[in-house]
Amino acid sequence: MAEDSDLEKTEPASPRRLEKAREEGDVPRSRELATCTILLAACMGFWMLGSGMSQRINRMLTAGLTLDRELIFDPNLLFSHIANYLADVIIGFAPLAILLMIVALASPVLIGGWMVSAKALQPNFSRMNPLSGLGNMFSTRALVELGKAIGKALLVGVIAWITVSHQLPAMLDLAVEPVESGTSHMASLLLTGSAAIIGGLVIIALIDAPYQIWHYGNKLKMTREELRQEAKESDGNPEIKAKIRAQQREIARRRMMAEIPNADVVVTNPTHYAVALKYAEGKGGAPRVVAKGADEVAAKIREIAGEHRVPLLEAPPLARALFRHTELGDEIPEALYTAVAEVLAYVYQLRIYRERGGMRPDVPKEVDVPPELDPLNPAASAAPERR
């Protein structure tokens with residue numbers, strides 16, 4: 001049962017899946033909404049610009065029905081006369097045409113947004129498969145589109161029939177009206193009829209747009225297995241990432257071990273912790289931690305330090321404090337300056353003893369560490385960690 005649920009498309013599409021679909025030219029679209037938007041713009045443009053356009057139509061009709069004797073016997077003048085009035089009408093309708101062009105280009109923003117995809121222009125021979133075509137003809141989407149087309153035709157047809165029936169007497173009267181009043185009356189009838197039909201298309205668009213968004217999201221749904229696979233592809237295989245992290249830790253450990261021979265001293269717990277310190281004289285700054293570790297790593301640090309004659313100093317509180325409050329490459333906390341200075345003073349004295357002989361310096365018995373920096377001290381739990 002768990003395997004079956006993993007193979008069912010129950011999960012919403014991931015952002016990567018949506019982006020990939022968009023790159024392939026697959027975005028939600030509602031042709032009904034685009035058509036309705038353009039027709040609404042045409043109706044409003046005609047309502048705002050109708051007076052100027054009707055005046056130009058009146059002039060053209062008057063000029064077309066009024067011919068001088070010279071125009072009848074001179075075809076060149078006749079063609080020039082007609083061209084002038086046609087140009088006048090075209091100029092009058094140009095604002096409406098520009099408005100419709102802008103709306104047609106902007107309508108995709110309502111659903112899906114603008115989209116330019118080269119993949120959508122590439123040939124897809126799978127679409128030429130007759131079996132796929134037959135399957136699409138009898139699919140659920142095809143039935144929905146068929147029902148939508150029938151419903152749209154019925155709704156628009158009923159609205160158009162009611163509008164024409166109501167305005168039929170006025171339409172018949174246009175034949176006997178003067179040109180100027182008839183043109184204005186005809187424009188009013190066309191505007192009213194168009195508004196009624198567009199109102200029906202608005203209803204269809206309000207139903208179709210949410211359906212297209214739902215269908216698009218449902219089509220791109222993913223299975224849980226697909227989500228896991230996508231996560232592996234985008235974030236990397238967890239096993240490979242774990243191996244990479246292990247390799248990075250090993251490289252960092254080797255680099256750290258390579259710094260131990262250059263250390264001035266290794267402070268130990270004596271068995272649980274080991275911290276190697278290096279002080280660069282003349283360069284300013286405080287001593288730095290060049291290596292640190294616990295348990296097995298601490299044992300390895302002590303081993304390498306012994307091989308290269310790096311002094312080992314047992315100072316459990318200081319070792320615990322350095323291990324807890326520093327990272328590799330960090331300078332020691334200011335609160336530990338005094339304790340570390342005491343340790344380095346012993347190391348320098350030991351170095352002189354090894355080089356010149358004389359009296360061996362005494363190993364510091366107790367190194368003072370502020371109680372709040374010692375992890376084993378109860379005061380350390382209430383104090384903020386320092387770095």
Just so I know, are the side chains of [X] and [Y] near enough to count as touching, which here means a heavy-atom distance under 4.5 Å?
X	Y	answer
Ile301	Met257	yes
Val289	Lys292	yes
Arg324	Leu373	no
Arg17	Met222	yes
Pro261	Ile304	yes
Leu18	Tyr216	yes

Might you point out which heavy atoms bring [X] and [Y] nearest each other, and give the distance in Å?
X	Y	answer
Cys43	Ile198	CB-CD1, 3.7 Å
Arg224	Glu11	NE-OE2, 3.4 Å
Gly200	Ile159	CA-CD1, 3.5 Å
Ala286	Tyr279	C-CD1, 4.1 Å
Thr326	Pro333	CG2-CD, 3.5 Å
Ile260	Ala291	CG1-CB, 3.7 Å

Do [X] and [Y] sit in the same hydrophobic cluster, where Ile, Leu, Val, Met, Phe, Trp and Tyr count as joined when their side-chain heavy atoms come under 4.5 Å apart?
X	Y	answer
Ile352	Leu312	no
Leu201	Ile203	no
Leu39	Val103	no
Val290	Val340	no
Leu154	Leu146	yes

Got more than 12 heavy atoms from elsewhere within 6.0 Å of [atom1], [X]?
X	atom1	result
Asp368	CG	no
Lys278	NZ	yes
Glu296	CD	no

Result of checking Val275, Leu313, Val310, Leu277 against Val266 for side chain to side chain contact (heavy atoms under 4.5 Å, CB included): Val310

Hey, what do you get for [atom1] ([X]) to [atom2] ([Y]), rounding to the nearest 0.5 Å?
X	Y	atom1	atom2	result
Ile213	Leu33	CD1	CG	9.0 Å
Asp208	Cys36	CG	SG	10.5 Å
His308	Glu303	NE2	CD	10.5 Å
Lys219	Gln212	NZ	CD	9.0 Å
Leu318	Ile332	CG	CD1	8.0 Å
Thr35	Ile204	OG1	CD1	10.0 Å

Intermediate values then yes/no, side-chain contact (heavy atoms from CB on, under 4.5 Å), Tyr273 and Thr268: CA-CA 6 Å; Tyr273 301 119; Thr268 65; over 6 Å; no

side-chain contact (heavy atoms from CB on, under 4.5 Å) evaluation trace for Lys221 with Asn218: CA-CA 5 Å; Lys221 276 187 176 180; Asn218 191 60; 3.7 Å; yes

Full working for side-chain contact (heavy atoms from CB on, under 4.5 Å) between Tyr353 and Tyr348: CA-CA 9 Å; Tyr353 165 75; Tyr348 294 150; over 6 Å; no

Backbone N/O of Glu327 and side chain of Asp330: donor-acceptor pair under 3.5 Å: yes

From CA spacing to verdict: side-chain contact (heavy atoms from CB on, under 4.5 Å), Met256, Leu328: CA-CA 8 Å; Met256 179 183 73; Leu328 287 177; 3.7 Å; yes

Test salt bridge (charged side-chain N to carboxylate O under 4.0 Å, His left out) applied to Glu32 and Lys152, step by step: CA-CA 9 Å; Glu32 312 304 332; Lys152 180 171 66 173; 3.1 Å; yes

Salt bridge (Lys or Arg N to Asp or Glu O under 4.0 Å) pairs, two or more places apart, involving residues 336-359: Asp264-Arg351

Audit row: Glu19, Arg16, salt bridge (charged side-chain N to carboxylate O under 4.0 Å, His left out) steps and yes/no: CA-CA 5 Å; Glu19 184 64 26; Arg16 184 181 178 186; over 6 Å; no

